[in-house]
Peer 1: 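The structure under discussion is supplied below as structure tokens; questions concerning it will follow.
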Amino acid sequence: MGWAHKQGEYNGFKYDNFVLHVATKNMNVSGTAVEQIKVKAPVFSNFLLESNVTENELIGRTIDLQYGRHDALESLELLDD
């Protein structure tokens with residue numbers, strides 16, 4: 001897994017997100033599929049605190065993404081701890 005921190009303003013609305021670059025399994029892709037997943041900064045920050053890791057310590061690790069209503073990412077869990 002890799003990540004990028006994106007902050008700014010778009011159409012008058014401020015945003016503060018982390019974009020996770022992840023490898024995933026997809027039956028329609030030969031080999032490993034790659035996705036970018038947007039996570040709100042507070043959700044990602046809470047995950048880092050609860051997992052006791054830094055952003056850079058996540059590179060190459062395995063995480064589980066939990067989605068809620070309207071396919072909004074609600075939580076992350078470190079699986080290879």
Side-chain angles (χ1 to χ4, degrees):
M1 184 189 94
W3 61 272
H5 190 192
K6 307 250 178 167
Q7 295 175 298
E9 190 171 320
Y10 181 75
N11 287 339
F13 294 97
K14 291 184 179 184
Y15 63 88
D16 186 5
N17 300 312
F18 281 83
V19 178
L20 308 182
H21 299 259
V22 300
T24 184
K25 293 180 181 181
N26 182 326
M27 293 178 8
N28 298 316
V29 175
S30 296
T32 302
V34 179
E35 288 185 48
Q36 292 184 14
I37 300 169
K38 182 172 55 173
V39 182
K40 299 284 185 192
V43 172
F44 193 63
S45 295
N46 285 340
F47 163 69
L48 294 174
L49 287 171
E50 291 172 3
S51 301
N52 198 30
V53 295
T54 66
E55 296 95 332
N56 288 334
E57 292 173 325
L58 289 177
I59 296 172
R61 305 285 297 271
T62 302
I63 60 172
D64 183 39
L65 308 172
Q66 301 293 321
Y67 292 88
R69 290 184 57 185
H70 309 293
D71 292 327
L73 184 63
E74 289 187 342
S75 67
L76 301 91
E77 180 182 353
L78 192 58
L79 295 180
D80 61 353
D81 193 23

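Model, not experiment: these values are computed from the prediction. Along the sequence shown, residues carry numbers from 1.
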Peer 1: Could I get the full list of side-chain hydrogen bond (donor to acceptor under 3.5 Å, both in side chains) partners for H5, not counting sequence neighbours?
Peer 2: D16

Peer 1: If I take atom OG1 from residue T32 and atom CG from residue N26, how far apart are they, to the nearest 0.5 angstrom?
Peer 2: 10.5 Å

Peer 1: Out of curiosity, T24 OG1 to I37 CD1, how far, rounded to the nearest 0.5 Å?
Peer 2: 7.0 Å

Peer 1: How about V39 and L20: do any of their side-chain heavy atoms sit closer than 4.5 Å?
Peer 2: yes

Peer 1: Are the side chains of R61 and I59 in contact, using a 4.5 Å heavy-atom criterion?
Peer 2: no

Peer 1: Can you name the residues that form a side-chain hydrogen bond (donor to acceptor under 3.5 Å, both in side chains) with D64, not counting sequence neighbours?
Peer 2: Q66

Peer 1: Would you confirm whether W3, through its side chain, and H21, through its main-chain N or O, come within 3.5 Å as a donor-acceptor pair?
Peer 2: no

Peer 1: Is there side-chain contact between N17 and K40, with heavy atoms separated by less than 4.5 Å?
Peer 2: yes

Peer 1: Check whether E50 reaches the backbone of F47 with its side chain - one donor and one acceptor, N or O, closer than 3.5 Å.
Peer 2: no

Peer 1: Are V43 and L76 packed together at the side-chain level, in the sense that at least one heavy-atom pair is separated by less than 4.5 angstrom?
Peer 2: yes

Peer 1: According to side-chain hydrogen bond (donor to acceptor under 3.5 Å, both in side chains), who are the partners of E9, at least two apart in sequence or on a separate chain?
Peer 2: none

Peer 1: Heavy atoms, side chains only, cut-off 4.5 Å: are F44 and E55 in contact?
Peer 2: yes

Peer 1: Are V53 and L58 packed together at the side-chain level, in the sense that at least one heavy-atom pair is separated by less than 4.5 angstrom?
Peer 2: yes

Peer 1: How far does CG of L65 sit from CD of E74, to the nearest 0.5 angstrom?
Peer 2: 12.0 Å

Peer 1: Are V22 and V19 linked, directly or through intermediate hydrophobic residues, by side-chain heavy-atom contacts shorter than 4.5 Å (ILVMFWY only)?
Peer 2: no

